[in-house]
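Note that ligands are numbered from 1 as they come in the structure, with each ligand's atoms numbered from 1 the same way.
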Amino acid sequence: MNGTPAVEVMGVSRDFDVSRPWLTRALAGEPRRYLKAVDDVTFAIERARTFGLVGESGSGKTTVARMVVGLLSPSAGRVRIDGVSFTDPDSAAELQRLRRRIHMVFQDPYASLNPRWRIERIIAEPIRAFGLVHSNEAVAERVDELLDLVGLHAGDRFRFPHEFSGGQRQRVAIARALASSAELIVCDEPTSALDVSVQAQILNLMRDLQDRFDLTYLLISHDLAVVRHMADRIAVMYLGRIVEIGNTRELFLRPRHPYTQMLLEAVPDVSTRGRPDAEIAGEIPSPIDPPPGCAFHPRCPLAFDRCRQEVPLLLDGVACHAVQRETVAG
Ligand SMILES: Nc1ncnc2c1ncn2[C@@H]1O[C@H](COP(=O)(O)OP(=O)(O)OP(=O)(O)O)[C@@H](O)[C@H]1O
Ligand code: SF4
Ligand SMILES: [Mg+2]
């Protein structure tokens, strides 16, 4: 398996049927309507690395995440984890092994932690479900070890989720991910509900655990400061497509796609400190009826004729006719 990326997302698309009820459609003579939430997305994540996915609300980030963890199947394309696809595992055992390796951490862990269970049971559940340890003593020992790893106390095992703060609950969610010996953790806005100082603690914890256990992260955030701090590589999504992908440093230093440039301008950094955030001009169009050609053209200051007709391909990490024209000219 060495050399195989931990995650490969290959030409993945996902449509949702958003038609109105059939009778309404029949009476109005209306066809079925589909929403393309994710359109031909390709990226890979190397083992023990962090890949960041950014983009405005509705750009398809969560849909990508759900396909990576196998909660949702792609309408087209393939997702492979350690070279194995959910849809064609060699055997049931392989699928079980795959499921154990992947874990998802959500923005609001409260929704994913059973409110009636004590922390002990919440963390022990994946250990028991995957049959990782057998005796009750061994399970209890492992729960203690996990609580310690995420910076909680042994005494916390008897408490319920509502007795914890948001940051502590996120620690419990991370302990639960480690409990199944997950190697790939998909984090969907893991810290966006937290205060800035708590956010930093959780991100630092995630980095420590990554170093210790060679964890691979797919990190979704609309907060560019978070992905910049955490990710080795970043993909910027707009209306279901990747518009730019590259190394974090390079992308922040020299954003090439007009949309990435706008996103970065909207973030206060050293040079703009003290200024209010710049607004990104224009609204995101509807993914049910996206603009033809480059979906960004109604908001793009560089748009020209070709942009309104032809979808730009992702070439050399950027999907933009203007950038590609410049590259050819230069
Ligand atoms: N189950 C579904 N049925 C219909 N449409 C859906 C479904 N899930 C997502 N969508 C649509 O797909 C598009 C992408 O949604 P998604 O949740 O992936 O975006 P996102 O980038 O995660 O946004 P946010 O930043 O708000 O979380 C949106 O237009 C959304 O309304
Ligand atoms: S393809 Fe055209 S509209 Fe799209 S980002 Fe590039 S210049 Fe702007
Ligand atoms: Mg989302």
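Remark: minimum distance from atom 11 (C) of ligand 1 to any protein heavy atom is reached at Leu35 CD2, 3.7 Å. Annotation: atom 26 (O) of ligand 1 to nearest protein heavy atom, Ser57 OG, 2.5 Å. Among all non-hydrogen protein atoms, the one lying nearest atom 16 (P) of ligand 1 is Thr63 OG1, 3.6 Å. For atom 9 (C) of ligand 1, the nearest protein heavy atom (residue, atom name, distance) is Phe16 CE1, 3.5 Å. Here the heavy atom of the protein found nearest to atom 12 (O) of ligand 1 is Ala37 CB, 3.2 Å. Summary of contacts: the protein heavy atom closest to atom 19 (O) of ligand 1 is Gly60 N, 3.3 Å.
In this pair, Tyr238 and Phe296 present their aromatic rings perpendicular. The plane angle is above 60°, beyond the 30 to 60° band.
Salt bridge status for Arg47 with Asp214: absent, with no side-chain N to carboxylate O gap under 4.0 Å. Taking a cutoff of 4.0 Å between a charged side-chain nitrogen and a carboxylate oxygen, Glu125 and Arg176 qualify as a salt bridge.
Those atoms of ligand 1 that come under 4.0 Å of a heavy atom in Pro287, given as number and element, are 29 (O). Near Thr62, the atoms of ligand 1 lying under 4.0 angstrom from a non-hydrogen atom of the residue are 17 (O), 18 (O), 20 (P), 22 (O), 27 (O). Annotation for ligand 1: atoms under 4.0 Å from non-hydrogen atoms of Gly58 are 13 (C), 14 (C), 19 (O), 20 (P), 21 (O), 23 (O), 24 (P), 26 (O), 28 (C).
Open room surrounds CZ on Arg49; 12 or fewer heavy atoms of other groups in view lie less than 6.0 Å from it.
Taking 2.8 Å as the limit, the number of protein N, O or S atoms around atom 6 (Fe) of ligand 2 is 1.
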Given the rule in the salt bridge (Lys or Arg N to Asp or Glu O under 4.0 Å) test, do Asp316 and Arg256 qualify, once you have shown the distances and angles that lead to the verdict? CA-CA 11 Å; Asp316 189 27; Arg256 293 186 296 156; 3.7 Å; yes
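Geometrically, Arg159 engages Phe164 in a cation-pi contact defined by less than 6.0 Å to the ring centre and at most 45° from the axis.
Two different hydrophobic clusters hold Val318 and Val243 under the rule that ILVMFWY side chains link at heavy-atom gaps under 4.5 Å. When the side chains of ILVMFWY residues are joined at heavy-atom separations under 4.5 Å, either directly or via intervening members, Leu149 and Ile122 end up in a single hydrophobic cluster.
For atom 31 (O) of ligand 1, the nearest protein heavy atom lies 4.0 Å away or farther. Protein heavy atoms are found inside the 4.0 Å sphere centred on atom 14 (C) of ligand 1.
Although no hydrogens or angles enter the test, the distance criterion places no donor-acceptor pair under 3.5 Å between the side chain of Ser85 and the main chain of Arg80. A donor-acceptor pair under 3.5 Å is absent between the side-chain atoms of Lys61 and the main chain of Met237, judged by distance alone. A donor-acceptor pair under 3.5 Å is absent between the side-chain atoms of His257 and the main chain of Val236, judged by distance alone.
Distances from the Mg ion (ligand 3) show that Gln107 has no N/O/S atom below 2.8 Å.
If you check each of Lys61, Glu56, Gln107, His222 against atom 25 (O) of ligand 1, the one with the closest non-hydrogen atom is Lys61.
Cluster note: Phe158 groups with no other residue, as no ILVMFWY side-chain heavy atom lies under 4.5 Å from it.
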